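Have a look at the structure below before the remarks.
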Amino acid sequence: MNIDGLPEESVPVWKESMEKYQLETLQGDHKTDIVIVGGGITGITAAYLLAKSGKEITLIDAGHLVQGTTLHTTAKVTAQHNLIYDELLKHFNYQIARGYYEANKDAMNLFEQIIQDEQIECDWETHDAYLYSTSGEYAKKIEDEYKAYQNLNINGKITESIPFNIEIENALYMKDQYQFNPTKYLNRLVQIIQDKGVKLYENTVAVNVESTEQSATVITRDGHKIEGKYVLSCTHFPFYEGKGLYSGKLHAKRSYVIAFPNQNPYPGGMYLSVDEPSRSIRHATINNQDYILFGGESHKVGQGKNLHKHYLNLKRSAEEIFGKVPIEYRWSTQDLVTLDKLPYVGPVTKDEPRVLIATGYRKWGMTNSTAAAKLMADKVIGNSNPYEEVYNPSRFNADPSLKKFFTENFDLTKHLIKGKLEFPKNEVEDLKQGEATTFLMNGQRKGAYKHDDHTVYIVDTTCTHAGCEVNWNDAENTWDCPCHGSRYSYKGEVIEGPAEKDLKNYDFRMLDILKDDESGY
């Protein structure tokens, strides 16, 4: 434990039940029916569905299976995605709003079917899902959301209390939703797809795609090629954008979770406050110990200072509700948000129908990932899917997409320019162990981190994705990009895309990216 009562390392509670697969790195060129890039819940579920249909599958991951966004989830399996249905009715129409609900409801049913068919032990539990407000402003928003539920024929009710020491204005609950242990679930699915002949490779970085009318080929960082009839990009941020401009249509948000032993019998339910800063509550049983998972504190990636404060804020809030608690786990998670809050699932562009993407789950990745996997599998097999229009990546609605597009890209440009014009003057010699700073070397911005063993790691702070300047994240000891959410270790190693290459320790500029043949642009 640190002096502030938090664990020294950021480790998700689900890691306790995660298996290490120790798979090989891809060598040489290959041919297959379907190439899947990304070994999280979307890619593994798609591999499972396609393997059942008899397709030959090759799945690759840039790092290790199940260690990305899926490992860092709170694993709520619900169609209650914060305040969304009233907004969808206002900005779209009844068909889209109802379709989004049905897609996620069907995803829950598919979860249950897979768990029952394959006899998967993954702590699958039924709970009601609650949204609650602590202020009058958000109480009105909950009332509007309830009206949307009624309009869309969603089974939900208003209540004036929840079973915690929290003063609320009102709450809205959705009956019979679920929660589970994602690593237990995926451990079993990985075994099943291996038994079905799916070829799995780790530490294999996809950097580009070449597509024709008949096929699509993934090119790896090592220069190997995997040719298939379709490529499924299940990499959180699409590793290949084509002409889809997803860098301008997605932004990354980071939020935080702490876990501590539950001192009292858990009353049931999954909870999320709709006020800012939000608070999320659920329980989980890990190694026969019942834990409370307490989350919130969302902000854009790479923006803000003293990010460690977010953990302290959660700890303070948890103690107000549950009393003094020993924090045994802490971690943060990253989510992508689209212009209109609906995910992008389908062809990367109309001109490249054999390259499919799934991205922008907006913190609700368990049901959206499963809906996405089913939609992509249907597309490949040739089955119709009723939710293609809901998730269509090529949609662009003037309200709210146009306004959001300019807002997000203005924010991106602002941070790009700000980073280039920043002239840090901090001295590396003044660093204490565990601290980082930016400084100038030969007129170029660099980052330095002093490790506990007194080693100083120096990186060029130009993000290798699109050339923005990364900032230090003291909560996770990482370099984070404020433009598109790429994250790097203190040594400069890629932790999270869209960046595919590590930070350099020599001069590196935007022009180097544009001249790179391996870029996914």
Side-chain angles (χ1 to χ4, degrees), residues 1-18 20 40 62-75 181-183 236 252-261 277-280 282 284 286-287 289 291-318 325-336 363 365 432-436 447 449-453 457 459 470-482 485-497 499 503:
M1 283 292 176
N2 283 337
I3 193 170
D4 56 18
L6 293 167
E8 289 187 13
E9 294 186 10
S10 174
V11 178
V13 71
W14 311 121
K15 202 159 189 174
E16 297 293 341
S17 52
M18 187 183 73
K20 292 184 179 179
H64 296 284
L65 300 188
V66 200
Q67 291 208 27
T69 306
T70 301
L71 180 63
H72 295 79
T73 180
T74 53
N181 181 317
T183 49
H236 198 40
K253 301 197 78 171
R254 195 142 204 90
S255 53
Y256 301 80
V257 188
I258 58 175
F260 49 87
S278 65
R279 294 290 181 260
S280 168
R282 66 155 285 192
I286 306 295
N287 296 332
Q289 170 64 58
Y291 285 90
I292 297 292
L293 276 54
F294 193 79
E297 295 285 310
S298 179
H299 65 87
K300 282 191 174 182
V301 173
Q303 301 184 24
K305 296 181 180 179
N306 185 22
L307 300 183
H308 190 73
K309 68 185 178 186
H310 295 295
Y311 286 120
L312 296 177
N313 291 342
L314 286 178
K315 181 175 182 290
R316 191 178 305 113
S317 292
V325 292
I327 311 301
E328 295 188 8
Y329 297 88
R330 69 169 178 93
W331 70 96
S332 62
T333 185
Q334 188 155 311
D335 297 281
L336 294 169
K363 300 186 181 183
K432 298 176 183 178
Q433 290 167 276
E435 288 185 345
Y449 169 77
K450 192 169 188 177
H451 195 266
D452 291 342
D453 63 5
Y457 294 91
V459 298
V470 298
N471 295 317
W472 180 247
N473 176 345
D474 67 337
E476 308 298 326
N477 284 355
T478 58
W479 294 102
D480 297 354
C481 178
S486 295
R487 299 178 63 239
Y488 307 83
S489 73
Y490 58 82
K491 295 180 181 180
E493 303 155 326
V494 174
I495 296 174
E496 186 151 2
L503 292 176

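For clarity, every value in this text was computed on a predicted model and none was experimentally measured.
Heavy atoms only, all atoms of each residue included: Y291 and E328 are closest at OH-OE1, 2.6 Å. A318 and F260 get closest at one heavy-atom pair: CB-CE2, 3.8 Å. Scanning all heavy atoms of the two residues, the minimum distance from A499 to S486 falls at N-OG, 3.0 Å. Of all heavy-atom pairs between A75 and R282, the closest is O-NH1, 3.1 Å. The heavy-atom pair separating N471 from P482 by the smallest distance is ND2-CG, 4.0 Å. Closest of all the heavy-atom pairs between P261 and P326 is CD-O, 3.4 Å.
Applying the side-chain hydrogen bond (donor to acceptor under 3.5 Å, both in side chains) rule to H451 yields the partners D453, Y490; only residues at least two apart in sequence or on another chain are considered. For E16, the side-chain hydrogen bond (donor to acceptor under 3.5 Å, both in side chains) criterion is met by Y329, not counting sequence neighbours. Scored by the side-chain hydrogen bond (donor to acceptor under 3.5 Å, both in side chains) test, T70 finds no partners at all (sequence neighbours excluded).
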Test side chain to side chain contact (heavy atoms under 4.5 Å, CB included) applied to W472 and N477, step by step = CA-CA 7 Å; W472 180 247; N477 284 355; 3.5 Å; yes
Would you please test M18 and Q67 for side chain to side chain contact (heavy atoms under 4.5 Å, CB included) and show each step?
-> CA-CA 9 Å; M18 187 183 73; Q67 291 208 27; 3.5 Å; yes
Would you check, one step at a time, whether the test side chain to side chain contact (heavy atoms under 4.5 Å, CB included) holds for K309 with Y256?
-> CA-CA 10 Å; K309 68 185 178 186; Y256 301 80; over 6 Å; no
Would you check, one step at a time, whether the test side chain to side chain contact (heavy atoms under 4.5 Å, CB included) holds for R254 with H299?
-> CA-CA 5 Å; R254 195 142 204 90; H299 65 87; 4.1 Å; yes
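Not a single donor-acceptor pair under 3.5 Å links the side chain of D480 to the backbone N or O of R487. In this structure a side-chain-to-backbone donor-acceptor pair under 3.5 Å is missing from H310 to S332. Using a distance-only test at 3.5 Å, with no hydrogens or angles considered, no donor-acceptor pair links the side chain of S317 to the main chain of L314. A donor-acceptor pair under 3.5 Å links the side-chain atoms of T183 to the main chain of W14, judged by distance alone. A donor-acceptor contact shorter than 3.5 Å links the side chain of D4 to the backbone of L6.
Taken to the nearest 0.5 Å, the OG atom of S489 stands 13.0 Å off from the CD atom of E496. Between the CH2 atom in W331 and the OG1 atom in T74 there is a gap of 8.0 Å [rounded to 0.5 Å]. Interatomic distance, H64 NE2 to L71 CG, rounded to the nearest 0.5 Å: 12.0 Å. One finds the NZ atom of K15 at 14.0 Å from the CD1 atom of I286 (value rounded to the nearest 0.5 Å). In this structure, NZ in K253 is found 12.0 Å from CG in L336, a value given to the nearest 0.5 Å. To the nearest 0.5 Å, atom NZ of residue K363 and atom OG of residue S280 are 9.5 Å apart.
The closest side-chain heavy-atom distance from V459 to W479 is below 4.5 Å. Using a 4.5 Å cut-off on side-chain heavy atoms (C-beta onward), N181 and S17 make contact.
The pair R279-E297 counts as a salt bridge, with a side-chain nitrogen and a carboxylate oxygen less than 4.0 angstrom apart.
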